[in-house]
Every structure is written in C-alpha cells, then in structure tokens.
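Counting begins at 1 with the first residue of the sequence.
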Amino acid sequence: MDLQGQRRGPQHRWVAFCCFMMLSCRQSVSAQLKYSVPEEVKVGSVVGNIAKDLGLDISSLEERRFRIVSGSEDAQFAVHQNNGVLVVHKNIDREELCGSVVPCLINLKIVAENPMEIHYVGVEVLDVNDNLPTFQEEENVLEIPESTLIGRRFQLPTAHDPDVLTNTVRVYKLNQNEYFNIQIRERGEDKIPFLVLQKSLDREKHNEHKLILTAADGGNPPRSGTLNITVIVLDSNDNHPVFSQEVYSVTISENAGADTSVVRVKATDVDEGANGDVEYFFGGQLDRKIYDMFTLDKDSGDIRVKGELDFEKADVYKLDVHATDKGQPPMSTDCRVIIKILDENDNKPEIEVTSLSKTVSESSKPGTVVSLISITDKDAGLNGRVICSISDNVPFELKPSFQDNMYSLVLKQHVDRESVSQYDVTITATDCGQPPLSVYKTLSIDVSDVNDNKPEFLHSPYEVYLVENNVPGNVIFSVSASDKDLNENAALTYHIIRDESSQGKSASFLNINSENGQITALKSFDFETLKTFQFQVVASDSGTPSLSSNVTVNVFILDQNDNAPVILYPVSSNGSAEGVEEIPRNVNAGHLVTKVRAYDADIGYNGWLLFSLQQVTDHSLFGLDRYTGQIRTLRSFTETDEAEHKLLILVKDNGNVSLSATATVLVKLVEPKEAFAASDVKSSAKHDEENNVTFYLMITLGSVSALFLISIIVLIAMQCSKSTDYTSKYLQEPNYDGTLCHSIQYRSGDKRYMLVGPRMSVGSTIVPGSHANTLVLPDRRKTSEVGHCYY
C-alpha cells in the first residue's frame, strides 16, 4: 500500500495540474484547484501543495492564518500553515463518504487573511478495489419442474460490491455442468444473472443439482465472491406466470402519505385451477429498508407506501417482485419495479456563517470583509435554488462568490460609532420552490471606536466674576468638557495656555487640575491693580493621535471695600489731617469756611463718601454738607461767641463694612482788619497749597482715567476679534472733583447697568423711561453661550 501511494504521488500532481488547466479554461467551475487521491491512503499522505499551485507566498501563510474553514468532510484533510501542503488527516473510505455517487468529490474552502482571500479546492476520492462482491445469502435453492423446457431462465440473486466503475461487479460465472449455463442481462445500471436450462431434466436420474455461482469485479487484480445454488427437480407444472411488463417504472411525490398506492403489478398463468392462481412476493434479496417503505398485496399485486418517503435520503427505489402459482411444483417469474421519488420543497435553506470578526472599526474602508456566508438547501432543482438578501438600512452588502450560494458580507459605506454603535444584520435565504421557504439569521456587529471627535466645552466662552482679596490656593472656578468617543479616546486632561503677553502673565498665577478642570489662584487679586483679564484652557483627550479644543475664560475682578478714605484737604505740614481757617467775625450766614476733600480707591458704594460732624464747640454756628464736605456758617457771629472753634469731621464710605477717616478743622474768628491782612498773606500761601493739591489731584485723575481707557480699549479689541460684545462693568464720573460719589449697579431683572448718583440712595426708585443719573447699557450676552461664574 505504501509503494502504491508513492507511485501515485507524481500522478496526483499531474492530475491536479491538468484539472487546474482545464478549470481555468471554463467559465462555470466549482473550485479553483482540483486534486485526486485514492481512498485508504496513509494518514499524512500529501494531496497537493495548495500555496504553490495558487502562487501564494509560503512564508506568510502562518501569519495569514491559512486554513480550511467549511465543509462537513473537512476533518478528512488538513493544510500545513508552514508550507501550504494539503495532507490526509484521517483514513478515507470512499464508500462511507459517497456511497455509489461518482465522482466522489469533496469541496474545501480555504481562507487566508490580511488581505482576505478565499479559495475553493476540490478533492476527488478515487476508488480502489478494496471490497469483495458478496451475496446476501450463502445458498440459494431453486425448485424446477422436470418438464421445464430447454432455454427456460431463472433469475439468480445479484451480488453487491460497494466499489464503483470498473471495481464493481462485472461478470458472473457458473461452475462447469451439463444442465445449466449462465446468462447476464442488464437492467439499467445493474447486471442480473439468469440460470438457463440447456438440457432437459430427469428427476429420476438426478433429483438435485449443486451449482456454484461466482461474481467477479473488474479490479486489477479482480476480486470475487461465490453463491451455492441447489436445484431441486420437481414434478411437472408446465406453465409459469408471466408479467405484463418486465420492468415497471413509476414516479411518486416524496410527500405521499402512508397507504398511498404506488403501482399494481400483474402476472398471468395459462394453467387452470391452483396452477393458475398467482401470488406476489418481494424478492428475497431486497434491502431490508424497502420492507419498511413499501407493502405488497400478495393477491392483487398492489404496492403501497408504508413508511415516510424522503427525496433527500433516497431518490429511487428498485424492487424485485416474484409471481408464483400454486401448482405442484409451483412455478414463478419475476419483474423489476423502479420507483422514482419526486422532490418537493420541504426543506428550508440553511445558513452557515463564518465570522472573521464580530466588530468593525469605524475607520474601516468600504469593501472590508466582515463574514463569509454559505447557503445550502437539501432540495434539488428550483427547490434547492436559493436567493439571499440582508436587511435594509445597514451599511453592509452581500457580495456573491463565483461558487453558487457563497457570499461575503462586506462593508458598503463608512460607519460612525457615535451615531450607531451596533448593527443587527438579518440575513434572509429564500428558495425558489412553490411555496418558497425562508430562513433568517441575525448577526450582531459592534462598531469599535476611533479617536475622531474633539472635546467640547459646556460653555464658550466662560465669564467668571471673582471678588478681590481671594485666598491663594483656593478653587476659584472650574471648566468642564465632554468627548463623544469612548474609553481612552474620551479621557480628558486640562491645561492652561501660557505666553509672554500681558494676559498670559496673569494666567501664570493660575493653576488647573488636569483631571477635573478645577482652577486655583496662586495669589490674591487686587481690583485696584487688575480689573479684568482672560486666558485659554485646552482640553485634550488620550487618543492616538490626541485631539484637543480650547475655550476662552474672561475673569472680572469685583471690588471689595478694602480701602479707607484718604483726606486730601486739610493736611498739615507733618502729614496729619488738620488745618486752621481764619474768618472775619462779621461774615453772614452761609459763608463758605472751607471744603474737606477726600478720596477712596474703591468704586461704587465702596467709594461713595459721606461727611459728618463728629465734634463741634457750637452746633448752631457751623454746618457740613454730607455729600460735598463744604463747611458753611449757619448764622452770624456775636460778641459772645468764642474766638476759636474746633470741628472734627468724619469721612466714611458706603461699603457693607464701612471704613472711615477724620479731619480736624480749627476755625479762628478775627476782626475784619486783621482778617484782611491775614487773608492777603494766607491767600498767597493757600494759593500755592491749592495749586499743589490740584496738581496731585490731576495726576491721580489722569492715572485712573488712563487705566480706565486702556481697559476699555483692550476689552473692545477682544470683543471685535471674537465677535462677542462684552460691556464694561465699570464707569467713572468724568467731572471728578476729588470725591468718588457714583456707583454702578447691574439690575438682572431689567437687564441693564445703572449709574447711581450722589443724590440717590440705594433704595431709591427711578421713574421708568427716565435717563437721569442712569446709564442704560444693552445686554447682548445672548449672542453666544456664555458661562457666568461668581466667586
């Protein structure tokens, strides 16, 4: 056997090459390669080199997972990934695999990945003469009347050989004798032996004859089996029954129910009486399964269905029917009944899915193969022809293969996980029978994420209102962003953009938590030094490559009452808030004695100053304007009034926690002549002093105004560059006389800013429509989504 396998090795390759060349010249083929291998070869025997015949790179086969993926007979063969050789995996018995079907062809589906390739290989199992012809019984007994005429034929049992073609039964031989010889008749594909009487029988001479029937196949060398035949010579019943047909051929549907009549055979006997009464029996050499499928009425010859017919199990049945009379000895004859089963559409298609992957990346290109689909239907003809389709509204399509009922499920268009993360693809297979039968199978395909979405902030831009004198190290506000991707592609980190610009320098005093976006101030901000600034925060995901987006944060510092009023006049030479005023005794009521001037660095109510007399020697002499700080006489002086009067003036702001300062004014009453002389000297000195005060006041006002204008210009430039209108939160009275007596309030209900004048209290009401002491600014914050934070 080993020597035979070695000799056939080159022949196998030559047959594979010839088959490949023949198949390449034909349009309708079932395989790209076709090999042949005899049955019963050793396990491990080489069938052919698939990789070499297909022109594949042998070094990449293992990396590409070169393998067999389908077919119930795949276990018979295996392919080596190291060299692409197809070998026998287990013992091959052609008769077990294919029975009497010729040729015995096993179709294999070979797959290689990256890139996806599908190849179809057919392996024909060649028959070897490994089975003997056998008879079902070791001995057959024939009863032949002695009056039988020469030339009378008697059918003999047939031998069965599972092999096919030339290896099956080819010839029957009978041992040498003078009374009988053998005759072979063909009925369809079968060879039927008949025993022919060639010399008249004489029961008185030989009442029994022993014969040996030998059945030989056409193998090389041929194999054979024998049957012992005993012929018993009977007394004469000289007419035998005769069938109306030697062969009956009928068709019946596989759905025919039990007791359905198939055919009625009829045999006649010209004898009379018992010698002419005919009974019918099935031939004794029939397969036992036939007795389970059909019944025969022995009197009428009616054949009926007994079992359940199935075209897919057997499409034809061959029955031998014997007709025997009741004479002594009985005489018989036989006929062949061929029952063909008609296929009905009684089998649904079957769907076999070979999934290469249950996920598809959203970056996959159209044409990517997702699964291999094989459709089978056990029915034949149109009943076995299948139309395959998939559900609508899915980004997949079926691509048919060159082999019937083979498809590839491929990506039809790009997919987006953020829109649809999973697809349920329903595959429908419908045959062409009447009525058509369908089967469904659903594949769940997940879409894997790629980093294709930038982080998005909840607000853009952010507006933060921070009260000055904040505690360094505390969280002042936080930003938050989200990412539509998953896992690491959605894991965000935050950082602040730092540069050398003035805005960037302010951002250097901030720190951000990279994980949650909480921002802390590293220093305490002072409204009087810095009123507003902006910076940018960047949110980046952890995908590869990383994607990011940024947002602008506008920070507005809110004023706190942290500056006490400063007395500008009176101021003594040693720096204390003290001064001496001389006035004539003869002044009238309402005379301006002096004016106390003060300054507060805060704004609004925190910088709105009020003046009050804390101490005075005579309350009836002097009065103080609480808003301007002017000290005037309330009445004329008398001779009894003292010459000196001390006034203690308290200056305080209107903050929640009020801050204050005091000034002392000593008023001296002099005679008119002295007052004029002193006034000339004092007016000169006072004029110089007032010039100095005016100079310092102008420097202060100029600095504040310049800082205000710069802030306004920067804000306007920022708004123009970002198409966002930010309204200045802080305004200052242009006619400043040394006392900041205005405040700005934002009325959220009216959506406007109000400039509160010195003659208005916090709770005062303005008549609607009036613009007196009110600066109305439009609220344009709806033009963009702005996040407001107050701290």
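- Residues Asp485 and Asn453 bring a donor and an acceptor atom of their side chains to less than 3.5 Å of each other.
- When atom types are taken as modelled, the side chain of Asp541 and the backbone of Leu547 share a donor-acceptor pair closer than 3.5 angstrom.
- Checked by atom type, the side-chain pair Asn554/Glu463 shows no donor-acceptor distance below 3.5 Å.
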CA sep, side-chain torsions, deciding dist, call: Leu411, Lys365, side-chain contact (heavy atoms from CB on, under 4.5 Å) | CA-CA 7 Å; Leu411 189 64; Lys365 296 180 180 180; over 6 Å; no
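- Listed here is the closest heavy atom pair of Thr633 and Asn588: OG1-O, 2.8 Å.
- The distance from the CG atom of Asp483 to the CG atom of Leu492 is 5.5 Å, given to the nearest 0.5 Å.
- The main-chain N or O of Val555 is found under 3.5 Å from a side-chain atom of Thr532 such that the two form a donor-acceptor pair.
- Atom NZ of Lys454 is surrounded by 12 or fewer heavy atoms from other residues, nucleotides or ligands within 6.0 Å.
- Ser460 places no side-chain N or O within donor-acceptor distance of the main-chain N or O of Val551, the cut-off being under 3.5 Å.
- One distance of note links OG1 of Thr617 with CZ of Phe622; it measures 6.5 Å at 0.5 Å rounding.
- When all heavy atoms of Val651 and Pro565 are compared, the closest pair comes out as O-CG, 3.8 Å.
- Using the six-membered ring where Trp is involved, His459 and Tyr462 have ring planes that are perpendicular, over 60° apart on the 30 and 60° scheme.
- With hydrogens and angles disregarded, a donor-acceptor distance shorter than 3.5 Å links the side chain of Asn654 to the backbone of Trp608.
- Rounding to the nearest 0.5 Å places NZ of Lys484 at 8.0 Å from OG of Ser419.
- Counting only distance, with no hydrogens or angles, the side chain of Glu362 and the backbone of Val450 share a donor-acceptor pair below 3.5 Å.
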Check the pair Leu666, Glu644 against side-chain contact (heavy atoms from CB on, under 4.5 Å), reporting the backbone distance first and the verdict last.
-> CA-CA 7 Å; Leu666 184 62; Glu644 290 186 3; 4.2 Å; yes
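- In the model, Asp653 has no side-chain atom that pairs as donor or acceptor with a side-chain atom of Asn606 under 3.5 Å.
- The side-chain heavy atoms of Leu558 and Leu466, taken from C-beta on, include no pair separated by under 4.5 Å.
- The environment of Gln422 atom CD is dense: over 12 non-hydrogen atoms of other residues, nucleotides or ligands sit within 6.0 angstrom.
- Taking CZ of Phe525 as the reference point, atom CD1 of Ile557 lies at 5.5 Å (rounded to 0.5 Å).
- Using modelled atom types, no side-chain atom of Asn489 and backbone atom of Asp452 make a donor-acceptor pair closer than 3.5 Å.
- A distance-only check finds a donor-acceptor pair linking the side chain of Ser705 to the backbone of Leu701 [under 3.5 Å].
- Of the inter-residue distances, the one linking Gln615 atom CD with Leu647 atom CG reads 10.0 Å to the nearest 0.5 angstrom.
- Screening Ile496, Ile497, Val537 for a side chain to side chain contact (heavy atoms under 4.5 Å, CB included) involving Asn550 leaves a single residue, Ile497.
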When you look at Leu634 and Leu621, which way does the side-chain contact (heavy atoms from CB on, under 4.5 Å) test go after all the steps?
-> CA-CA 5 Å; Leu634 298 177; Leu621 284 176; over 6 Å; no
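- Closest approach of Thr662 to Ala577, counting heavy atoms only: O-CB, 3.5 Å.
- Between Val360 and Phe396 the shortest side-chain heavy-atom distance falls below 4.5 Å.
- The heavy-atom pair separating Glu418 from Asp416 by the smallest distance is OE1-OD1, 2.6 Å.
- At least one donor-acceptor pair closer than 3.5 Å links the side chain of Tyr494 to the backbone N or O of Ala481.
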Could you walk me through whether Gln534 and Val714 pass the side-chain contact (heavy atoms from CB on, under 4.5 Å) check?
-> CA-CA 11 Å; Gln534 70 174 197; Val714 170; over 6 Å; no
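- Electrostatic pairing of Lys399 and Glu397 counts as a salt bridge here, judged by a charged N lying under 4.0 Å from a carboxylate O.
- How far CG of Asp424 is from CG of Leu443: 9.0 Å, rounded to the nearest 0.5 Å.
- Counting only distance, with no hydrogens or angles, the side chain of Asp446 and the backbone of Thr359 share no donor-acceptor pair below 3.5 Å.
- When all heavy atoms of Ala521 and Asn470 are compared, the closest pair comes out as CB-ND2, 3.4 Å.
- A donor-acceptor pair under 3.5 Å is absent between the side-chain atoms of Ser421 and the main chain of Arg417, judged by distance alone.
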Steps toward side chain to side chain donor-acceptor pair (under 3.5 Å) verdict (Asn563, Asp602) = CA-CA 6 Å; Asn563 290 282; Asp602 297 321; 2.9 Å; yes
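- Under the 30°/60° scheme for interplanar angles, the aromatic rings of Phe477 and Phe535 are found to be tilted.
- Across every non-hydrogen atom of Leu650 and Gln614, the tightest pair is CB-CG, 3.2 Å.
- In this structure, Tyr465 and Phe556 have parallel ring planes: the angle between them is below the 30° cut-off, well short of the 60° mark.
- Environment of CG in Asn393: sparse, with no more than 12 heavy atoms of neighbouring residues, nucleotides or ligands closer than 6.0 Å.
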